[in-house]
Amino acid sequence: MSKQYFSTSLTPEAHPADIFCVETTSEYAITSSGNSTLKFWNATTNNHELSLTIKTTHRLGIHHLSANKELGLVAAVGFDGEISVWSLQDCSCRAVITDPKTAYWAVRFSADGEFMAATSLDGGITVWNAASDNFERCGELETKGSPGLAIDYSNDGRFIASGHENGGLYIFSTETARLLHSLPGHIKAVRAVAFSPLSKLLAAGGDSNVITVYDVTSGEQVFNLSGHSRWIMSLDWNFTGEYLLSGSFDKSLKVWSIEQTECVSTQTESDSAVWAVKWTKTAGTARPQGFVSVGIDRTVRWYREATGS
Amino acid sequence: REEVLNKIENLISDLLAGVADTGLAKIKLSNRRAADSARQVQDMKLHLTARSAADTKQNIVAFPGPNILNSWRFAVLMRTLDIISESLSSGRVVTKRDVYYRETWLFKNQAIVDRIVDDIGRTLNVPRAALGIVAAQKGLTCGTFCMHKKDGSLMTVEGEIQLIPPFDEIKCIDVMDIDFVLVIEKEAIFRTLCACKFYNRADIGRSILITGKGYPDLSTRQFISYIAARYPDTPLFGAVDSDPYGIDILGTYKFGSRAMAHENSHLTALTLEWVGVNVLEYEDGWTKLSTVDRKKALKMLTLPWMEAEVAEAMRLELQRMLFLGQKAEMNVVGTDADGVIKYLAQAIKTRLGGR
């Protein structure tokens, strides 16, 4: 059984450089690129016009984003290794976090907005109290020292997963701050990790071109998803947990059915590498769920499922 | 030459006057490295311009100094001025290497000589060649063309690799009907291309191949800048590794270097077209970007000239390298041993075809 998606709208030259990351909230798709501006695109209208821009001080570009609706915050990580946190209400800068000894890489807010965690190039993971006024550090997790390229919080707040340049893939317990699983399956870089919505499964992908999926409790590898011919750059689960979306260096994005453990749709509209993909978060509204992709072609592409009618 | 000798004499007489006054021999030296040169964009041209000598950071070198290091610096400066005056008076030209070997115990290493010579040039506000000092030759070239030397001789390059002569010895270069010029970062690739007669092919025509063996010396840059200016309709291509150093080398050929900002206008080749390699083009053969590479890439991205539009492709390449954490060297492009030859031929063919 395959699904059909089509591109409903696209904004070419959305940024003057590669678009490295996209994050979605119920109101916006937020994109970041090789220049210092964050752009907020209206997720609720048909033509997805530009609603808002924030000029950050990340002069060298921004490659990772995470947004949290509860907190009304978006965090951005620049190539300069710093994290800046912005208020979605008034576009003011809430915090700038730097570490003189290393550079931060991937960042994620916990679902409830209590915490923010980030990986760094020295392999460590830092956790901050996001709800407090001054974003105080409240935890550190150590790994073997290979740059952490990807991070995710499980929706139930109990786990943090990180993927590393040397293929390291870890699940930590947030309650005990201890390592629960060191997952096998990758000897090359892991560039994306994503927990399923019910926190039962973890998907990971990277330079092996294959997406590996694990049971979070047992750490067992339950199945693989093959089909991409180049590196997996981005992974995202849809809100029901039935589908996984992947974006790849092979210029395509794929939608995978978890039940059938196979690819049900491949989109090849882009003529260059896809850097990031995300499902839209307008579910529960009248809009059918779709997704957004960004990459080297500087275009923000919106997709929707082709329904019967 | 007279002018420089006069300047040096003035410097020394000021110094002696200072001794009579204060008992202290003092010279103000313009410190090249402290000068903050800004690259300015003018009508799509990018020139590295230096602030005037008055703005550059001035270092006082004095004797007797507060410590041994200062006294040594004074000795280095005086001896170098001495050697320069000597060469200028006799009409001989020496290389920086020659200067170093005159007093190795004093100079301790080549880098010291290189720096003091440039500092003197900047202090006196004359190009280094006017000091009678030339760099040892480093760049190589191959192809079929000839150079008329100032001493009246004719240097022909006929399919054999030759050292690029010091630019001051060259009267003019006759490229004799070539289709393009290709500048290559690394010597090994250059030699590979020469060995297979890349400079004379049916599909892309005749060319001149040049390598600066990494960061190019002044003679090589002048050589290329001359050809670019004299033959503006001949395509000029540059091929470097897709790593921060490769990009920096490309930038040096194209826009100039911060160190030689005060001479840059005849050292740049703004028409140099970047033909590869790009980190996106590889099937495999990537290597991990090291911490040092990362630092270099980040440093380059902060340089003011990187923000200009003409540097966009280089900026994107550096960002992609950082994002992927990978770099790629030219010798592993393509799937077989001839990969780099085929890659370059194709890249050049595409660009020539579009003209």
Side-chain angles (χ1 to χ4, degrees), chain A residues 15-21 32-36 57-64 77-82 101-103 105-106 120-123 145-150 163-167 188-191 206-207 209 229-231 233-234 249-251 271-273 275-276 295-298, chain B residues 38-39 41 44 242-244 247-248 251 274 276-328 332-335 347 350:
Chain A
H15 283 269
D18 292 8
I19 306 180
F20 292 109
C21 194
S32 73
S33 86
N35 79 338
S36 56
T57 50
H58 296 291
R59 272 180 54 226
L60 309 185
I62 299 164
H63 55 75
H64 270 83
V77 191
F79 282 106
D80 50 18
E82 300 185 347
K101 287 182 282 162
T102 182
W105 192 257
S120 50
L121 294 182
D122 65 6
S146 170
L149 302 182
H164 297 257
E165 196 176 53
N166 63 356
K188 297 200 230 178
V190 174
R191 297 185 185 274
D207 292 5
N209 308 346
S229 56
R230 304 296 285 285
W231 309 335
M233 303 300 307
S234 180
F249 194 63
D250 68 8
K251 308 174 192 170
D271 60 3
S272 45
W275 287 146
I296 286 184
D297 68 2
R298 310 183 182 184
Chain B
R39 293 194 183 192
V41 184
M44 292 299 291
S242 181
D243 62 24
I247 308 276
D248 200 18
W274 184 22
V277 290
N278 298 108
V279 79
L280 300 176
E281 284 170 325
Y282 284 68
E283 289 293 324
D284 64 56
W286 287 278
T287 46
K288 203 164 82 84
L289 206 61
S290 71
T291 319
V292 173
D293 292 332
R294 254 182 208 278
K295 278 208 178 106
K296 172 88 183 156
L298 286 171
K299 180 143 184 264
M300 286 185 65
L301 284 172
T302 59
L303 296 175
W305 66 267
M306 266 283 170
E307 286 171 32
E309 207 180 301
V310 288
E312 193 192 43
M314 291 191 250
R315 202 169 56 241
L316 292 177
E317 190 71 7
L318 285 170
Q319 285 176 332
R320 282 170 203 159
M321 265 182 243
L322 284 169
F323 189 63
L324 293 171
Q326 313 267 25
K327 59 182 176 184
V332 296
V333 73
T335 44
T350 320

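Each chain gets a letter, A, B and so on, in the order its sequence line appears, and its residues count up from 1. Computation of the quantities below employed the complete heavy-atom set of this structure, encompassing side-chain atoms and omitting hydrogens, waters and symmetry-equivalent molecules. Since the model is a prediction, treat every value here as computed from it, not as a measurement.
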Chain A contact via [X] - which portion, at a heavy-atom distance below 4.5 Å:
X      : result
B/T291 : neither
B/R294 : side chain
B/L318 : neither

ask   = Is the closest basic N to carboxylate O distance between A/E82 and A/R59 below 4.0 Å?
value =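 Looking at A/R59 together with A/E82, the answer is no, because their closest N to O distance does not fall below 4.0 Å.
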request  = Assess A/R230 against B/W286: is NZ or CZ under 6.0 Å from the centre of the six-membered ring, and within 45 degrees of the ring's axis?
outcome  =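 Cation-pi check for A/R230 and B/W286: fails.
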query = Any residues in residues 320-327 of chain B near chain A, with a heavy-atom distance under 4.5 Å, and which are they?
reply =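 Contacts with chain A: B/R320, B/L322, B/F323, B/L324, B/G325, B/Q326.
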Would you find a donor on one side and an acceptor on the other, under 3.5 Å apart, between the side chain of [X] and the backbone of [Y]?
X      : Y      : result
A/D122 : A/T102 : no
B/Q319 : A/L60  : yes
B/S242 : B/V279 : yes
A/N209 : A/S229 : yes
A/S146 : A/H164 : no

request  = Below 4.5 Å from any heavy atom of chain B, which atoms of A/L149 appear? Answer side chain, backbone, both or neither.
outcome  =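 A/L149 has no heavy atom closer than 4.5 Å to chain B.
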ask   = Would you say A/F79 and B/L298 make side-chain contact, with heavy atoms under 4.5 Å?
value =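 Yes. Closest side-chain heavy atoms under 4.5 Å.
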